[in-house]
4 protein chains.
Amino acid sequence: MSPGAPAASGRDVQGSRPLRADAQRNRTRILDAADAVFAVKGPTASTEEIAQRAEVAIGTLFRHFPTKEALVEAVFVGRLDALAEQARSLAGAADPGAAFFAFLTEAVRQSTIKHTFADALADAGVNLHAYEGTVAEAIRDLQQSIGELLGRAQQAARVRVDIDVRTLIALIAGAAHAIGYASQDPAIERLVLSVTFDGLRPPVSP
Amino acid sequence: MSPGAPAASGRDVQGSRPLRADAQRNRTRILDAADAVFAVKGPTASTEEIAQRAEVAIGTLFRHFPTKEALVEAVFVGRLDALAEQARSLAGAADPGAAFFAFLTEAVRQSTIKHTFADALADAGVNLHAYEGTVAEAIRDLQQSIGELLGRAQQAARVRVDIDVRTLIALIAGAAHAIGYASQDPAIERLVLSVTFDGLRPPVSP
Amino acid sequence: MSPGAPAASGRDVQGSRPLRADAQRNRTRILDAADAVFAVKGPTASTEEIAQRAEVAIGTLFRHFPTKEALVEAVFVGRLDALAEQARSLAGAADPGAAFFAFLTEAVRQSTIKHTFADALADAGVNLHAYEGTVAEAIRDLQQSIGELLGRAQQAARVRVDIDVRTLIALIAGAAHAIGYASQDPAIERLVLSVTFDGLRPPVSP
Amino acid sequence: MSPGAPAASGRDVQGSRPLRADAQRNRTRILDAADAVFAVKGPTASTEEIAQRAEVAIGTLFRHFPTKEALVEAVFVGRLDALAEQARSLAGAADPGAAFFAFLTEAVRQSTIKHTFADALADAGVNLHAYEGTVAEAIRDLQQSIGELLGRAQQAARVRVDIDVRTLIALIAGAAHAIGYASQDPAIERLVLSVTFDGLRPPVSP
DNA sequence: GATGAATGAGTTTTCATTCAT
DNA sequence: AATGAATGAAAACTCATTCAT
């Protein structure tokens, strides 16, 4: 599991005392397993399968996440945090345009693994008002870090000024989807990114 | 239900005599219901719910579609046929560029109703080799009619020549996804389409 | 279908006017189909399959036999009649012992095709009191014709005198079952018949 | 439930740790219920009915036996084990002929409860090659223990030497069938056994 | 009478969730 | 806290039987 993976999320559950060491370890294992299984089978994968992969009993899974939905959300938040982290790490780059498009490429690639995430990302990114709790928090955080990158790229005249963060997130999810199907075909992947990037550039001034 | 809706599909099942009037009516009701329910809840919606909405017994549903998969495919084929029909109706237009972008707009809007369709569309469009039967047939038909529009627009220098049909279908699905979440927000819809269109245009020659 | 097959049964349904020619033909087709299908798949075979094999609509099947049970019974009666016919054709033979064992061999072989029949035969043969209608009638008829053969063989001192018709029918069904499993293995078939025959012979007088 | 009944089977599922006390209790209840229900209604009885009789939820039944087939097999193996146990307990008897016929009587009586078992017994006994897993194992075990009894009885000149284990099992099943129907009538039961026993004895040397 | 579409209770199986150990 | 067995409400699918055409 790469650094920045969901389980490494530092987001604290408010109001709960720190977990015992073994409990914390189980929580991490469950999140990692869920992340992997959801990525392959989508969110209809069974909790039982996740528990098995995490090598914990099903009861343990439900002790940590009272419903399946809670688990799905936690995985989602983990991915959002990882994305936001990535955006922040590019925030100070010398070339704002390069940083922006580099982030875009990476974000699309990561979302590509499984549509579920792209779906959830776009939905949350665009309809933040419909969310609450940790998801809303994570999205707000992500929007801010992406906003930073976007703003700088726009100031550097590398991106159309009429694009806002919510539209950008929608575009990322869309491109991820488009590419997701063509996993065998690098040509399509390149073309989709190319079209999206070109469409984002400011119009050539006459 | 708009004209060209799935139930109106003219694709004939080979070798079966025409259905009795009442059976045809039920088949249509089931397809319409499935189309509507899948649009809202995705393909995991239960066959029972669809049967209820169609006001037929569950046995009737399974008489018409022997497995759930067959029903899902039939709905899908219906939508593909409607799209292809649309492409064909624009094929002879005087302005190939306008026709192309008009089709794109319409295709994205229709796919937007539910991601399921966009997903399936892109998957089938890109990975046609993985399909067979009526779905493969419908996709091939759609690819051809879209190809026509695309080819003319490229000859008229209104679309980049490096785009092929498969990439285009992937882009349509991607844009549909992106927009799908922003159903409340026409601004995002406009921007996503604008970015996609601009990205598709041929580079300005210096 | 060999002569003597169930459909050829001459047993009249009491009180019903003679069937129209085409109806009679359909009745025959259904019975033949049911006989064949039940022989292969047992009585859990679906009515639909039988109708298809008979090339009639399912509604036609149920017009002739108001319940599946009625159809099963009719097939059964057909086989009982065929057996009884066979017994009668041997009744006048010169050698009563040979006639008896020839019948036995034939009866076992025929019942062997499918255990269902052996089961039903034994049950009806032994527990005649539990049956009524055409089945009871057919069994009584069969018991009488077998009784004839048995009586003569006993008088000729070729069969133990303590055997009665009901026991004999049970033994036939039992042997048929035993052999049914060994359809691949003629050795077992021969041995089972040999044991049964030997056991039926009168004890050697000292 | 007599000792040696299916639930008491000592056959261990390899590789699985011993069940928790309550789970073992439920497993036993389910097996006992299945044994009883199958005996009355045959193997088409519904899993739901078995679960009800065992007073467990349907999910519990399927946790213990992942398919209905697995349950049917487990019941079958239980009975086979009980029979083999019985054969073994008679193996050392002083009088091999008496032991052999005592076993036969008992085996027929037990198989008589329901034809399903006799059917399965004969099929597996004769066509062992078509089985695998625990069923094959149990049958092999049974064949061996019966073979022992048979061999000794043959050496003592109490049974025809041309009989082999497979034929013997077929005969047991056949007799069980024959008797099964005559449960009300001890006379028939006695006669069927008598015929079978007599048929198995070696021919009187002149 | 024949047809075959419609019905709906019943079947096996899955799975999120609870709770005794 | 962890375990994993138990629960029971679905879910997809079947099939004997009915009834409109």
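Every chain is numbered from 1 and lettered A, B, ... according to where its sequence line falls, protein lines coming before strand lines.
In this structure, the CZ atom of A:Arg29 is 18 Å from the P atom of F:dA1, given to the nearest Å. Summarising the geometry, the separation between CD on D:Gln52 and P on F:dT7 is reported as 13 Å, rounded to the nearest angstrom. Rounded to whole Å, atom P of F:dA6 lies 14 Å from atom CD of D:Glu55. F:dA6 atom C1' lies 16 Å from atom CD of D:Gln24, rounded to whole Å. Rounded to an integer number of Å, the gap from CD1 of C:Ile30 to P of E:dG1 is 13 Å. One interatomic measurement links the two molecules: CG of B:Leu71 to P of F:dC13, which rounds to 10 Å at whole-angstrom precision. Between the C1' atom of F:dC15 and the NZ atom of C:Lys41 lies a distance of 14 Å, rounded to the nearest Å. Nucleotide E:dA2 holds its C1' atom 16 Å from the CZ atom of C:Arg27, rounded to whole Å.
Take D:Arg53 and apply the side-chain contact (heavy atoms from CB on, under 4.5 Å) test, not counting sequence neighbours, and it matches D:Ala33, D:Ala36, D:Val37. Applying the side-chain contact (heavy atoms from CB on, under 4.5 Å) test to B:Phe65 and every residue at least two apart in sequence or in another chain returns B:Arg27, B:Ile30, B:Leu31, B:Ala70, B:Leu71, B:Ala74. By the side-chain contact (heavy atoms from CB on, under 4.5 Å) test, D:Glu69 pairs with D:Thr67, D:Glu73, sequence neighbours left out. For C:Asn26, the side-chain contact (heavy atoms from CB on, under 4.5 Å) criterion is met by C:Arg29, C:Val56, C:Thr60, C:His64, not counting sequence neighbours. Partners of C:Glu49 according to the side-chain hydrogen bond (donor to acceptor under 3.5 Å, both in side chains) rule, which considers only residues two or more places apart in sequence or in another chain, are C:Lys41. For D:Gln52, there are no side-chain hydrogen bond (donor to acceptor under 3.5 Å, both in side chains) partners, not counting sequence neighbours.
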- Message: Output one letter per nucleotide in nucleotides 12-21 of chain E: B when a protein non-hydrogen atom lies under 4.0 Å from the base, S when only the sugar-phosphate is that close, - when neither is.
- Response: BBB-SBB---
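Closest to the C:Ala23 side chain, of the nucleotides F:dA1, F:dG4, E:dG1, is E:dG1. Of the candidate nucleotides F:dA5, F:dT3, F:dA1, F:dT3 has the atom nearest to the side chain of A:Val56.
With C:Thr134 as the partner, the side chain to side chain contact (heavy atoms under 4.5 Å, CB included) test is satisfied by one option alone out of C:Val77, C:Ile139, C:Leu80: C:Val77.
A gap of 22 Å separates the P atoms of F:dT21 and E:dG1, to the nearest Å.
The side chain of B:His64 contributes an N or O atom lying less than 4.0 Å from OP1 or OP2 of E:dA6. The side chain of A:Asn26 places an N or O atom within less than 4.0 Å of a non-bridging phosphate oxygen (OP1 or OP2) of F:dA2.
Helical stems in DNA chain F, defined as runs of 3 or more consecutive Watson-Crick or G-U wobble pairs with donor-acceptor distances under 3.5 Å: E:2-21 with F:2-21.
Each of A:Thr60 and D:Thr60 has a nearest nucleotide on DNA chain F; the 5'-most of these lies closest to A:Thr60.
Between the side chain of A:Lys68 and the backbone N or O of A:Ser46, no donor-acceptor pair lies under 3.5 Å.
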